[in-house]
Amino acid sequence: MSEERPEKRVSFTIRKVAEDELDQVIEINEHSLPEHYWYGFYKYILDEWGDVFLVAEVNNKIVGYIMNRIEETSDKVLMGLENELENQTKPHEGGPLDRLRRIFDVERATVGHVVSIAVLEGYRRMGIGSALLREAIGLMLNHYDVNSIYLEVRVSNNPAIRLYEKFGFVKARIIRGYYRDGEDAYVMVKRIKPITSGGQA
Ligand SMILES: CC(C)(COP(=O)(O)OP(=O)(O)OC[C@H]1O[C@@H](n2cnc3c(N)ncnc32)[C@H](O)[C@@H]1OP(=O)(O)O)[C@@H](O)C(=O)NCCC(=O)NCCS
């Protein structure tokens with residue numbers, strides 16, 4: 001089966017979003033995804049984690065964004081220490097991750113959460129989504145020292161799942177009926193670095 005892959009390439013820049021560009025981000029979101037947020041939510045993310053809220057620009061036009069949040073969690077799946085989907089096939093085995101958890105007794109960790117990413121149709125499949133994700137991962141690591149990064153994605157969203165897998169995210173959990181229309185979500189997690197006692201690397 002052949003895939004549609006545009007030949008054209010554009011030059012683009014990735015940079016932090018400015019407050020007066022939030023309207024353009026919202027427009028891209030509304031054209032690209034069924035999950036919409038109110039203005040105050042974008043503003044909150046900008047105020048709290050504006051250094052990892054990025055846009056892609058082509059000829060002075062915003063064509064893509066990635067919006068992230070930094071969280072503290074005690075959820076081992078989000079830390080990348082457990083994989084519920086793998087555990088389903090070998091439920092009674094104490095795997096290496098179980099052993100690691102027992103040894104270090106990790107309680108909490110700082111994790112990055114990709115809240116939303118989208119590229120305008122017409123600018124997709126040119127590497128812009130990858131560039132946004134790559135830059136965001138680097139910044140979350142450098143600025144916040146995250147141990148892992150996670151996100152939710154519709155189980156049917158193959159383009160996004162392939163993008164995330166390319167960056168080393170693995171499917172770690174299913175949340176049934178996560179989306180308003182009832183579709184399930186995969187939680188995908190990328191381990192950044194080992195976690196040791198006290199949640200510090
Ligand atoms: C997911 C999305 C952000 C990817 O952006 P993009 O700029 O097209 O991504 P890239 O060009 O960097 O593609 C990177 C890889 O993702 C995968 N991919 C992207 N689009 C794909 C498609 N239509 N079919 C299959 N794989 C695809 C490929 O592995 C691709 O690498 P390749 O081109 O070398 O094969 C974009 O498709 C989008 O905005 N979709 C709508 C919004 C959305 O679903 N967001 C994710 C919500 S969780």
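Taking CZ of R69 as the start and OH of Y44 as the end, the distance is 6.0 Å to the nearest 0.5 Å. From Y123, atom OH reaches atom CD1 of I128 across 8.0 Å, with rounding to the nearest 0.5 Å. Atom-to-atom distance recorded for I70:CD1 and M140:CE is 5.5 Å, nearest 0.5 angstrom. How far CZ of R125 is from CG of L163: 10.0 Å, rounded to the nearest 0.5 Å. Put simply, OH on Y42 and OG on S116 are 6.0 Å apart, with the number rounded to the nearest 0.5 Å. We find the OG-CD distance between S148 and E71 to be 10.0 Å, quoted to the nearest 0.5 Å.
Under the 4.5 Å side-chain criterion, counting only non-hydrogen atoms from C-beta, E152 is not in contact with Y186. Counting heavy atoms from C-beta on, the side chains of M188 and E165 come closer than 4.5 Å. Residues V17 and M67 are not in side-chain contact: their nearest non-hydrogen atoms beyond the backbone lie 4.5 Å or more apart. Between I28 and L120, some side-chain heavy-atom pair lies under the 4.5 Å cut-off.
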(request) Please report the C-alpha distance between E107 and S74 in whole Å, then the side-chain angles of each, then the deciding distance to 0.1 Å, and finally whether the side chain to side chain donor-acceptor pair (under 3.5 Å) criterion is met. (result) CA-CA 6 Å; E107 303 251 313; S74 52; over 6 Å; no

(request) Please assess R154 against D181 for the test salt bridge (Lys or Arg N to Asp or Glu O under 4.0 Å), listing each intermediate value before the final yes or no. (result) CA-CA 11 Å; R154 285 177 179 265; D181 59 6; 2.9 Å; yes

(request) Could you go through the salt bridge (Lys or Arg N to Asp or Glu O under 4.0 Å) check for R108 and D75 one step at a time? (result) CA-CA 8 Å; R108 295 185 70 74; D75 185 332; over 6 Å; no

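Scanning both residues, E35 and Y179, for their nearest heavy atoms gives OE2-CD2, 3.2 Å. Heavy-atom minimum distance, Y144 versus T110: O-CG2, 3.9 Å. When all heavy atoms of L54 and A136 are compared, the pair lying nearest together is CD1-N, 3.7 Å. Scanning both residues, N68 and V52, for their nearest heavy atoms gives ND2-O, 2.6 Å. Across all their heavy atoms, M79 and T73 have their closest contact at CE-O, 3.3 Å. Nearest heavy atom pair, residue I117 against residue G129, reads CD1-O, 3.8 Å.
In this view, F12 satisfies the ring-ring contact (aromatic ring centres under 6.0 Å, His included) rule with no residue, not counting sequence neighbours.
Listed for the D184 side chain is no donor-acceptor partner under 3.5 Å among the backbone atoms of I174.
H36 and E30 share no side-chain donor-acceptor pair at under 3.5 Å. The closest side-chain donor-acceptor pair between Y65 and N29 falls under 3.5 angstrom.
Atom CD of E121 has 12 or fewer heavy atoms from other residues, nucleotides or ligands within 6.0 Å.
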